[in-house]
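Take a look at the structure set out below.
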Amino acid sequence: MVMRAPFKRQRNQPTLWRISLKLATWNVNSLTVRLPHVLDWLTANQPDVLCLQETKQEDSKFPYAALQEAGFNAVHNGQKTYNGVAIISPHPLQDVHLDLPNFVDAQKRIIAATVLGVRVICAYVVNGQALDSEKYPYKLQWLEALHAWVTDELTQHEKLALLGDYNIAPDDRDCHDPVAWEGQVLVSPAERAAFERLLALGLHDSYRLFHEEAGQFSWWDYRMAAFRRNMGMRIDHILVSEALKPLCLDCVIDKAPRKLERPSDHTPVVLTLANA
DNA sequence: ATGGCTTATTGTATAAGA
């Protein structure tokens, strides 16, 4: 069941007069633990959309009141302990949809809503664990179902953004050590082919519209001082439809939250769109 | 050197993440 906090207009952010839109995605690895970071980040950055993954809480625990107090509406598709996705916005969240409609799945990994005319899909893609795990074929099948559903969504929404934790590093530039990672999840050919099939729908990796260099990551392992040594992966992405591509102004990885005390192992990715 | 950490669980060790 979707719960919705009442819409509250931000006095300093009149919807009709904004000249740009800021869309972000962040795997928070437990919203219970990370809520202070999320509230601070929302206040400092004032995004138009923030997609969260791994809230790891049931809908009854979701902090609607704290978000409303900060000026944000939210919709959540959660479960206990694992997974859980949310969309947060100062604007109305319309036509909310939960879960892949074409895939029987007990895991809460999808939530979608329309915000200011943009179809926003928030996805937490299966990790897969290892190539010989039964979770790996589940990952590939889940990605097939996502592809089919996004295909259908694109026929109904010209302006579409697919944001989330893809658990896929699209190419070797997105992995700190491709040799060490060979044969593991996040970089396997089948996963990368699934990512390419999403691009073949006319979606674009918005980060790569602006940045071609290697070594730009959105996730770093908690172990081995991986963040300090920049041993990471770029696995959190914002894909945009053809209609949104010409509106893209910049996409950045905001490493500031990863430097805080008790951080998520992921950090936000932020896309700025011209509000045409 | 394949671990090292972090989170959640009706826990006190295990599972999962990436």
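Letters go in sequence order (proteins before strands), and every chain restarts at 1.
B:dG4 and B:dG17 have their C1' atoms separated by 15 Å, with the value rounded to a whole Å. Separation of the C1' atoms belonging to B:dA18 and B:dT2 is 13 Å when rounded to the nearest angstrom. With P as the reference atom, B:dG3 and B:dA15 are 15 Å apart, rounded to whole Å.
Just one residue in the list A:Asn27, A:Thr25, A:Asp165 forms a side chain to side chain donor-acceptor pair (under 3.5 Å) with A:Gln53, and that residue is A:Thr25.
Applying the salt bridge (charged side-chain N to carboxylate O under 4.0 Å, His left out) test to pairs two or more places apart or on separate chains, none has a residue in residues 259-276 of chain A.
The nearest whole Å value for the distance from the CG atom in A:Leu35 to the C1' atom in B:dT7 is 16 Å. Following rounding to the nearest Å, A:Gln184 (CD) and B:dG3 (C1') show an atom-to-atom distance of 13 Å. As rounded to whole Å, 12 Å separates atom P of B:dG17 from atom CH2 of A:Trp219. When the C1' atom of B:dA18 is taken as reference, atom OH of A:Tyr124 falls 8 Å away, rounded to whole Å.
Legend: residues meeting salt bridge (charged side-chain N to carboxylate O under 4.0 Å, His left out) with A:Arg223, ordered by chain and number and at least two apart, are A:Asp221.
Which of B:dA18, B:dT7, B:dA8 sits closest to the side chain of A:Asn167 comes down to B:dA18.
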Polar atom pairs (N or O), protein with nucleotides 9-15 of chain B, under 3.5 Å:
unit_1	atom_1	unit_2	atom_2	d
B:dT10	OP2	A:Lys80	NZ	3.3

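Regarding contacts with the backbone of B:dT7, a side-chain N or O of A:Arg34 is found under 4.0 angstrom from either OP1 or OP2.
In this structure, A:Glu182 places its CD atom where only 12 or fewer heavy-atom neighbours from other residues, nucleotides or ligands lie under 6.0 Å away. Other residues, nucleotides and ligands place no more than 12 heavy atoms under 6.0 Å from the CD atom of A:Glu158.
When only modelled atom types and interatomic distance are considered, A:Asp99 and A:Asn77 share a side-chain donor-acceptor pair under 3.5 Å.
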